[in-house]
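Here the structure is laid out as structure tokens; the discussion comes afterwards.
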2 protein chains.
Amino acid sequence: MSTLAAQLQQMEAHRSVFENEVRKLPLPTCTAFGSAAAPQAITFAASGQVLSTKDSATVAERFAQTVKASGNAVLRSAGKAPTRVSGKRVAALFSGGPAAGGHNVLCGLKKMLGADNTLLGVKGGPKGLLQGKLFEISDADADSILNTGGFDFLGTDRTKIKTPEQFEQVRQTCIAHNLDAIVIIGGDDSNTNAAILAEFLFSGIKADGSGVQVIGAPKTIDGDLQVPGLLPISFGFDTATRIYAELAGNILQDTRSSLKYWHFIKLMGRSASHVTLEVALQAKPAITLISEEVAEKKLSLGAIVGQIADAVVARYRSKELKHGVVLVPEGLIEFIPEMNALIAELNDLLAHHADAFAAQEEAARPAFIAGKLSAGSAALFASLPGYIVKMLLADRDSHGNLQVSLIPTEQLLSDMVAAHLKKTAPEVPFATQHHFFGYEGRCGAPTLFDAAYTWNLGLTVGALILDGRTGYMASVSGLTSGGEPLAIPLSGLLNIERRHGKDEYVIEKALVRTHAPAMQYFVSRREAWAADDLFASPGPRQLWGPAAKQMPMTVALNDGADALLFRIGE
Amino acid sequence: MSTLAAQLQQMEAHRSVFENEVRKLPLPTCTAFGSAAAPQAITFAASGQVLSTKDSATVAERFAQTVKASGNAVLRSAGKAPTRVSGKRVAALFSGGPAAGGHNVLCGLKKMLGADNTLLGVKGGPKGLLQGKLFEISDADADSILNTGGFDFLGTDRTKIKTPEQFEQVRQTCIAHNLDAIVIIGGDDSNTNAAILAEFLFSGIKADGSGVQVIGAPKTIDGDLQVPGLLPISFGFDTATRIYAELAGNILQDTRSSLKYWHFIKLMGRSASHVTLEVALQAKPAITLISEEVAEKKLSLGAIVGQIADAVVARYRSKELKHGVVLVPEGLIEFIPEMNALIAELNDLLAHHADAFAAQEEAARPAFIAGKLSAGSAALFASLPGYIVKMLLADRDSHGNLQVSLIPTEQLLSDMVAAHLKKTAPEVPFATQHHFFGYEGRCGAPTLFDAAYTWNLGLTVGALILDGRTGYMASVSGLTSGGEPLAIPLSGLLNIERRHGKDEYVIEKALVRTHAPAMQYFVSRREAWAADDLFASPGPRQLWGPAAKQMPMTVALNDGADALLFRIGE
């Protein structure tokens, strides 16, 4: 074998040049913990800040033990831990879609637990906890995953722990593995699950009658898990948006080079438009739709199509531009009031007339349904392209609901804009391309921001466990002033929401606040971006050099930061 | 406005933090040119190496002036230019799809021409040359585009200059702008066009009877413009494949995290599989199809589907893996002999039975055509999913050909694998996702390799012009030993090919050589990658730090390099 071939073979299995080097990056550590090499445990104390929601009274009954223990008060560092705690056995798992930085949460946690406590990894997410798929994580394991992306070291899944049988399985796993604590690294639903487990495991689990602690860590690329002033952002958001922003910037540059396409780009991010807003601030395309603004202004689908078409026409007539980029948030459809109304009517009609509908020939079905719709919904229904009508009449999920996320919104919009232009401005060229940026952004190597943030989240999780806490979500605030570990009582975030005809406890998804500074800045600049093609190319995220250290623009703006530099550990 | 908002506004129009910093990167410069700050002109001399193809005799007749002048000999540096040439007016244009590094070709060219010659930019590609859309490029322009991606400074298009009227328009532009030279930055077709223009403009253009020089620069992300020993790779290939490899690596990590999807990824790259092979070497997925191997082994579509299905089954049965990645080259369909035969039969049948076909009801058309196919083609036709049949019977292009690139090969393969598994191994889970990586890779900021390579290509182009040469393509060889500027006589690369019933001059596309070291290395490792999930995550390309300096793996392997480090200017 040649020298080079031998080198290449050495790069297999997560040993690319890049992966080998990122493992050596320094780890900025909040001063509360001392040095990265030997972070010290801290003790926590209740701050004066107590959380509540409209449902706090009911929550206090249902989560009696955890609420009594925490008083729903935010915890802050109270200095170095007075004694060293040892002998704890802690199991950590990933829950839900992957996000960059999860591995560093494990690394920080492992470091804080040290050699005198034990960290176990749960394979394959919550389901692995039910099945008892646990193994001990070694120092070498932690070294190998440091600063790498994805959740592939453990795997993940989307199982919700809610039936009595499942709770019993968790209890059995706790006993079988002699656990003292469980760490759930996940999004809003997973942290709600952590709150429920914390209450269930609060006491009477182990032989001595004591309980098992449960601590959550805030993960999601969607950015919809935020608590103003306490949790600036969920981890993974920065990396995902930097990946999408690079790609959007590349496409902006591409279409400005070949001068002939409008690219419609749908961006992952579920309901909220945080991802789309961040990518827009970074790349500055001609057109960006923000779902929350669409809902607030009660825009119709036709109005949105008209706005896009107007921009296409204006750019062509004033500067002969035949190209551009439109950013579309994944959840847009549900924020268009009339679409929501149409879908609700369709869900009802298809449920109530299931047999008569099924008896129609396929070609006759749209007319059959259209005749039963309200006038407004019927008009909207008639304006939609055939493939969307087909999707709207397709089989429902087990709850009788349409799977809205499957609708190709980017294609729908571009087809409707094309039809609109054909009628109103046939001389304007309008050729299109379509993209969906999603999976490629969840598991990239973390940015320096996500790497530092998650390392400190892991240290915070570990410190909370050694401090005997349960029912909290770890956070790091003060991102531009050194970073401060803190803990948010999960019960203080819970609301009650009606889902599928049942009351459920939920942590409310944080939507884009249209009057917050990030959105206001975007609104102040978007017309200039469209008129003068002022886009920028944010480039690939850098781990070294002068362009490496940035935090998300939306977070910096909303936090009132004076620059994009984060300063964790400084 | 807040401090931060003011900073963000400063980042508009190509002034992101990243773009501002890449403009300051050092420019490695081949020793032949002296320093990057003040590169010196060199003179060229014919080496002993003379190029020929099977059609050289005919080419020598048709390209009499350029062949006589060059003798089809490769030119190498013969040291510092004896006298300083000044007063030349040079026009440069981009042709065809954009690729990273094009701006640096202009920057190198501008630097070499210096203040005593004039560089003009042609707006909007070859069409801009016909229309005389030229403007002078300033030093400030060059500084602003240095190390940035895309062709957006000038724009590009795909016009081929071939009619007498077009040649006359070029002549008029040369006269109107008093040009001494034209630089065409493009792929195989564009460089063929450069050869034809060089002959046409060889003499008798200017008032004094002299001609206009034409020099080409080798661009294409597809990597199919290569000349063994002389042109190691076209520019843009490294950047595009690094972008795709990062994304493929992210998806490998994602699917290993969520443990439930097979991702089918189609990769841009036209006919040849260079891009796919490079991405495979970098990310090491379970399955990679190489078109040239499919053709060589005469694999049927069914055989390819069977191979993928076998791998899916093997990974599940041996390790319970339900996930994986399949890389599919864009041009695959045309390399499957039976598909090629089917498409050719369909093209003929649809041309000969156009009226009878049109008279059929849509639902009856597949059967109508199937009845007229040969037995083999009919069987293949019957095995294809409905949406592919529909595409195969769709309207032809103006030459009566199917637009093969529109066929969603990644979807076709995954659907056929699913159908195959349903019959042969129904217990094996097989959920899929699909991707096409294309436009997002053409205009990213250049890697250090592409940045250095194109800067030196630009210097070489400039030196060739000052040395009075015409009809050459600039190249830089010796990428791991300092870099050597050289010039390839375009007429020495020309073949005659029958296209649309006419003989045309072409530079043959370089396909993947299945017995070359890069392919052999891939073949030696792919089974282990599939069996043990040995993928790596190559990460985002870095411009600073320890992971920044790499060259393409395929190029390094095929050139017999002993490491991945390029050493231009060392």
Side-chain angles (χ1 to χ4, degrees), chain A residues 3-5 7-9 11-19 21-22 97-98 124 148-152 155-157 246-247 250-251 253-254 256-259 281 284 433 439-440 442-445 521 525 534 536-547 550 553 556-557 561-564, chain B residues 3-5 7-9 11-19 21-22 97-98 124 148-152 155-156 246-247 250-251 253-254 256-259 263 281 284 433 439-440 442-445 521 525 534 536-547 550 553 556-557 561-564:
Chain A
T3 319
L4 178 57
Q7 286 173 31
L8 294 185
Q9 201 167 324
M11 294 180 196
E12 294 175 354
H14 288 311
R15 286 171 299 168
S16 67
V17 174
F18 176 83
E19 288 165 302
E21 293 297 338
V22 292
T148 64
F151 283 0
D152 56 315
T156 181
D157 91 325
E246 190 215 338
L247 298 178
N250 292 357
I251 284 185
Q253 203 127 329
D254 192 283
R256 176 85 184 174
S257 299
S258 44
L259 302 168
L281 289 177
K284 308 155 191 22
Q433 295 285 344
Y439 293 99
E440 47 277 78
R442 309 194 307 177
C443 286
Y521 176 73
R525 296 304 304 157
L534 295 179
S537 200
R541 61 204 190 287
Q542 299 296 303
L543 283 298
W544 295 269
Q550 290 182 41
M553 292 183 179
L557 282 165
D562 59 2
L564 282 182
Chain B
T3 320
L4 178 57
Q7 286 174 30
L8 293 185
Q9 202 167 324
M11 294 179 195
E12 293 176 352
H14 288 310
R15 286 171 299 168
S16 66
V17 174
F18 176 83
E19 287 165 302
E21 293 297 338
V22 293
T148 64
F151 283 0
D152 56 315
T156 180
E246 189 215 339
L247 298 178
N250 291 356
I251 285 184
Q253 203 129 328
D254 193 282
R256 175 84 184 177
S257 298
S258 43
L259 303 168
H263 289 260
L281 289 176
K284 306 155 190 38
Q433 295 285 344
Y439 294 98
E440 48 276 79
R442 307 194 308 177
C443 285
Y521 176 73
R525 296 305 304 156
L534 295 178
S537 199
R541 62 205 188 285
Q542 298 296 304
L543 283 297
W544 295 268
Q550 290 182 39
M553 291 182 180
L557 283 166
D562 59 3
L564 282 181

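Sequence lines set the chain letters: A, B, ... in the order given, protein chains first and strands last, and positions in each chain run from 1. All heavy atoms count here, side chains included; hydrogens, waters and symmetry mates do not.
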Using a 4.5 angstrom heavy-atom cutoff, name the option from [options] with the most pairs to chain A.
{"options": "B:Ser258, B:Ala445, B:Gly124, B:Gly97", "result": "B:Ser258"}
{"options": "B:Val17, B:Leu281, B:Thr156, B:Thr148", "result": "B:Thr156"}
{"options": "B:Glu246, B:Gln542, B:Met553", "result": "B:Gln542"}
{"options": "B:Arg442, B:Arg15, B:His263", "result": "B:Arg442"}

So B:Met11 and A:Lys284, do their side chains get closer than 4.5 Å, heavy atoms only?
yes
If I compare all heavy atoms of [X] with all of [Y], which pair ends up nearest, and what's the gap?
{"X": "B:Ala536", "Y": "A:Glu19", "answer": "CB-OE1, 3.6 Å"}
{"X": "A:Phe18", "Y": "B:Ala547", "answer": "CA-CB, 4.0 Å"}
{"X": "B:Arg256", "Y": "A:Asp152", "answer": "CG-CB, 3.2 Å"}
{"X": "B:Asp254", "Y": "A:Cys443", "answer": "CA-SG, 3.3 Å"}
{"X": "B:His14", "Y": "A:Ser537", "answer": "ND1-N, 4.5 Å"}
{"X": "A:Glu440", "Y": "B:Leu247", "answer": "CB-CD2, 3.8 Å"}

Relative to chain A, which segment of [X] carries a heavy atom at a distance below 4.5 Å: side chain, backbone, both, or neither?
{"X": "B:Arg525", "value": "side chain"}
{"X": "B:Leu259", "value": "side chain"}
{"X": "B:Glu21", "value": "side chain"}
{"X": "B:Glu12", "value": "both"}
{"X": "B:Tyr521", "value": "side chain"}

Looking at [options], which has the largest count of heavy-atom pairs under 4.5 Å with chain B?
{"options": "A:Ser16, A:Gly150, A:Pro540", "result": "A:Pro540"}
{"options": "A:Gln433, A:Gln7, A:Arg541", "result": "A:Arg541"}
{"options": "A:Asp157, A:Leu564, A:Val22", "result": "A:Leu564"}
{"options": "A:Pro546, A:Gly539, A:Gly444, A:Ala563", "result": "A:Pro546"}
{"options": "A:Thr3, A:Leu4, A:Ile251", "result": "A:Leu4"}

Partners passing side chain to side chain donor-acceptor pair (under 3.5 Å) against A:Ser257 (at least two apart in sequence or in another chain)
none
The interface call for A:Gln9 against chain B, heavy-atom contacts under 4.5 Å, is both
